[in-house]
Novice: 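Take this structure first; my questions come after.
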Amino acid sequence: MTLTQPVVLIRDSLEADVVAIQEIYAHHVLHGTASFELTPPTLDDMRQRRADVVAKNLPYLVAEQNGVVVGYAYVTLYRPRPAYRFTVEDSVYVRDGLAGQGIGSLLLAEIIKICTAKGYRQLMAVVGDASPPSVSLHERNGFTLAGTFKAVGYKFGAWRDTAMLQRSLGDGDLTDPI
């Protein structure tokens, strides 16, 4: 008998998903170092954050398994100045206990696909604590390490680094944007 993993559906997030998104993120804030936030955002904060991303026509996705949100990913503009308009930054979070099952890769692959189709040329990842699983996730999806900022965050009684990773999208810097 062959056991199969339940199918993971990647889809656009809905406002109704924000409860699960906030729950997933709160765990990472309280117990991990991938996020440098110290206090989990409220449900209203997370609703507003999602609304801000969606209002800019940027992707905000969830991974759903058996009807349960098991991860999410979104992009924001990398920086607000106009010269950065072709560069976005991703964030990917997976429910506690489900890392290593490919959920993050499915989310990130869809983010890459959507951002490429929208004409973005560079995708950045800012990885708190230079988290090896997150760095590895991004490298498996075509990112390269651009650099590491040493001891820029202080959480759980220790200084934390931040890794910067980058991936070209579409023609990257080989052609001028349209």
Side-chain angles (χ1 to χ4, degrees), residues 1-35 37 40-78 86-129 131-144 163 165-170:
M1 183 165 122
T2 304
L3 296 176
T4 59
Q5 283 285 92
V7 173
V8 177
L9 169 70
I10 305 300
R11 62 170 174 78
D12 289 335
S13 67
L14 304 170
E15 186 167 333
D17 297 320
V18 176
V19 172
I21 290 167
Q22 192 272 346
E23 183 180 284
I24 291 167
Y25 187 62
H27 176 84
H28 286 279
V29 169
L30 293 172
H31 304 286
T33 54
S35 167
E37 289 198 67
T42 66
L43 195 53
D44 285 340
D45 291 338
M46 293 302 283
R47 276 192 188 99
Q48 187 60 55
R49 290 180 188 189
R50 179 189 166 276
D52 290 346
V53 169
V54 172
K56 291 180 175 85
N57 196 28
L58 295 167
Y60 202 119
L61 310 175
V62 295
E64 185 180 290
Q65 192 173 54
N66 294 329
V68 176
V69 173
V70 293
Y72 70 99
Y74 62 93
V75 300
T76 56
L77 298 175
Y78 176 64
F86 299 103
T87 303
V88 287
E89 177 183 330
D90 76 76
S91 293
V92 180
Y93 290 93
V94 174
R95 187 175 292 281
D96 181 47
L98 299 179
Q101 295 184 20
I103 297 165
S105 284
L106 291 171
L107 285 162
L108 188 52
E110 189 65 17
I111 288 287
I112 291 166
K113 180 177 145 189
I114 292 168
C115 290
T116 301
K118 288 181 175 286
Y120 292 103
R121 295 297 186 94
Q122 299 294 324
L123 182 55
M124 306 297 291
V126 180
V127 180
D129 204 21
S131 164
S134 187
V135 168
S136 178
L137 165 69
H138 284 84
E139 288 175 338
R140 286 192 313 273
N141 283 275
F143 286 73
T144 57
L165 293 100
Q166 181 175 356
R167 183 193 196 283
S168 290
L169 301 173

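Here the structure is a predicted model, which is why all the values come from computation and not from measurement. Just the heavy atoms: all of them, side chains too, but no hydrogens, waters or symmetry mates, feed the values below.
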Novice: Can a side-chain donor-acceptor contact be found between Q122 and Y78 if the only test is distance below 3.5 angstrom?
Specialist: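 Side-chain D/A pair, Y78 to Q122: absent.
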Novice: At their closest point, which heavy atom of A163 faces which heavy atom of V135, and how far apart are they?
Specialist: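 Closest approach of A163 to V135: CB-CG2, 4.0 Å.
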Novice: What's the verdict on side-chain contact (heavy atoms from CB on, under 4.5 Å) for Y60 and V18, showing C-alpha distance, side-chain angles and the deciding distance?
Specialist: CA-CA 11 Å; Y60 202 119; V18 176; over 6 Å; no
Novice: Give me the atom names and distance for the closest heavy-atom approach of I103 to A63.
Specialist: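 Closest pair (atom of I103, atom of A63, distance): CG2-CB, 3.6 Å.
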Novice: Report yes or no: do Q48 and D44 form a side-chain donor-acceptor pair below 3.5 Å?
Specialist: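 Short answer, no.
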Novice: Using 4.0 Å as the upper bound for N to carboxylate O, is an ion pair formed by R167 and D90?
Specialist: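 Looking at R167 together with D90, the answer is no, because their closest N to O distance does not fall below 4.0 Å.
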Novice: Can you see which heavy atom on D17 is nearest to which on V69, and at what distance?
Specialist: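 Scanning both residues, the minimum pair turns out to be OD1-CG2, 3.7 Å.
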Novice: Using 30° and 60° as the class boundaries, would you call the ring planes of H27 and H31 parallel, tilted or perpendicular?
Specialist: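 Ring orientation of H27 relative to H31: tilted.
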Novice: Restricting to non-hydrogen atoms, name the atom on T87 and the atom on Y120 that form the minimum distance, rounded to 0.1 Å.
Specialist: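 Taking T87 first and Y120 second, the nearest heavy atoms are N-CD2, 4.2 Å.
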Novice: Could you check whether T144 and E139, counting side-chain N and O atoms only, form a donor-acceptor pair closer than 3.5 Å?
Specialist: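 No pair is found: no donor N or O on one side chain lies under 3.5 Å from an acceptor on the other.
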Novice: Looking only at atom types and distance, does a side-chain atom of E15 sit under 3.5 Å from a main-chain N or O of R47, one as donor and one as acceptor?
Specialist: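 Such a contact is absent between E15 side chain and R47 backbone.
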Novice: Atom CD1 in I112, atom OG in S168: separation rounded to 0.5 Å?
Specialist: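 Between I112 CD1 and S168 OG, I get 11.0 Å after rounding to 0.5 Å.
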Novice: Taking all non-hydrogen atoms of both residues into account, name the closest pair between A34 and Y93 and its distance.
Specialist: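 That closest heavy-atom pairing would be O-OH, 4.4 Å.
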Novice: Taking atom CG of L58 and atom NZ of K118, what is their separation to the nearest 0.5 Å?
Specialist: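 Those atoms lie 7.0 Å apart.
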Novice: To check you understand the geometry: which heavy-atom pair defines the closest contact between L107 and G71, and what is its length?
Specialist: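 That would be CD1-C, 3.8 Å.
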Novice: Answer yes or no: is there a side-chain heavy-atom contact under 4.5 Å between H28 and E37?
Specialist: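 Result no, sub-4.5 Å side-chain heavy-atom pair not found.
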